[in-house]
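Reading through the structure tokens given below for one structure.
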Amino acid sequence: MGVISTFPAGGGAKLNLKAYASASDLPASEKEGAVAVITSTAIGDVYAAADAPTAPAAGDVWVWLGGSNRCEIDLGKNILLPPRAAYQYSGSAWTALDSYVYTASAWVQVTLYVYYYGSEILSAFSQTSGTFAKLSGSYQFGNAKYTNHHAASGALDLTDVSAVEIIYSMNASMYASYFKAGGASVTLTSGTYITKLLDVSGLSGLYTLSIEFNNADALVYNYVYSVRLIR
Amino acid sequence: MIYLDSDYKAHAAQNETETLTPWADPDGYFAGKCDAFIAGYRVVPDGETWMRADGTAFTGLMIAPAENYAVLLAAQAEADQQTIDDLDAAVVDLTYNNILLEMGVE
């Protein structure tokens, strides 16, 4: 599949955004600040903004800016854009695109994952009580009875984030266990590879995420595999 | 006890037609909270599912602000300050009355 390129007209700094059919098609090197989106649909206009375009056309691409992000798009001339995610308009809805920024001689994936199977991305979690370990593919909580095992992230910008998702495995606990952000909380239920969503649409600004596995009466381990922000 | 409507929005009291569902608040999350704070929250009870307008499903037990949390906190702070002011006034009254008793003044 050929490369589809689009360059904004006019002078000044340019957002160098190109489409590729597959992540494996990304070139070995690019200009600093280049953006790659993975899509086989022809790109229309390209927007980079904190808010979704109000009158998009099918094919338009929107780079969602702001908030907690993994890297910056260096446009040169001291202009840095903070990408959170990229979307393409289908004609009726925005569809998330796999996207990358070329920075410091490498392609860095733009992602809303806070933590992903061993990779601390937008923030790291650290122990606030009990037993907490960082394994190669998960966070591990537990191995002490009658103990609360808690961890919290660094501050994350939840502005315009509508939900936070956690995927975890939990053994039965004596007391309720929670996933929290600011004044929002959801109870964690026991099971393996459980997905829970927490509505944070009422939160705007910086908040830490808190994972709380409370008080088992047996020596059990609990695991967290991923935490993701959802627009 | 708080009350939930069909959209799982919280209310401090039952409505006139008694159509709101009581929720016991077993952990006392809303204890001491003013009506405005409670009214800005949504509670999805354990075992139930709320479908947000964008189609995202949330399962309980979830307790989350349905409105701007900063505004809810401000309302609660104002209510707390009023409570403090009321208690201060009550302390003054009690102190005054105690003095009168000690002086034997009826």
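Just so we're on the same page: letters track the sequence lines, and every chain starts at 1.
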[X] side, atom [atom1]; [Y] side, atom [atom2] - distance, nearest 0.5 Å:
X       : Y        : atom1 : atom2 : answer
B:Asp27 : A:Thr187 : CG    : OG1   : 8.0 Å
B:Arg52 : A:Ser162 : CZ    : OG    : 3.5 Å
B:Arg42 : A:Asp199 : CZ    : CG    : 6.5 Å
B:Ile63 : A:Tyr178 : CD1   : OH    : 7.5 Å

Looking at [X], I'd like to know if its [atom1] atom is crowded, meaning that more than 12 non-hydrogen atoms belonging to other residues, nucleotides or ligands lie closer than 6.0 Å.
X        : atom1 : answer
A:Tyr116 : OH    : no
B:Gln14  : CD    : yes
B:Met1   : CE    : yes

Problem set entry | Exam field: side chain A:Lys196 to backbone B:Gly60, donor-acceptor pair closer than 3.5 Å |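 Yes; judged by distance alone, with no hydrogens or angles, the pair exists.
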Determine yes or no for a side-chain-to-main-chain donor-acceptor pair under 3.5 angstrom, with B:Tyr41 supplying the side chain and A:Gly183 the backbone.
->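 At least one qualifying donor-acceptor pair exists.
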**OP:** Sort A:Ser185 into side chain, backbone, both or neither according to what part of it lies under 4.5 angstrom from a heavy atom of chain B.
**Re:**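 For A:Ser185, backbone and side chain are both near chain B.
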- What part of A:Lys180 lies closer than 4.5 angstrom to a heavy atom of chain B: side chain, backbone, both or neither?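 Interface part for A:Lys180: neither.
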Practice problem: Could you tell me which of B:Ala66, B:Ala64, B:Gly40, B:Ala70 has the largest number of non-hydrogen atom pairs under 4.5 Å with chain A? | Solution: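 The residue among B:Ala66, B:Ala64, B:Gly40, B:Ala70 with the greatest pair count is B:Ala64.
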ask   = Can you tell if the side chain of B:Thr56 reaches within under 4.5 Å of the side chain of A:Leu197, non-hydrogen atoms only?
value =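 The answer is yes, as the side chains (C-beta and beyond) meet within the 4.5 Å cut-off.
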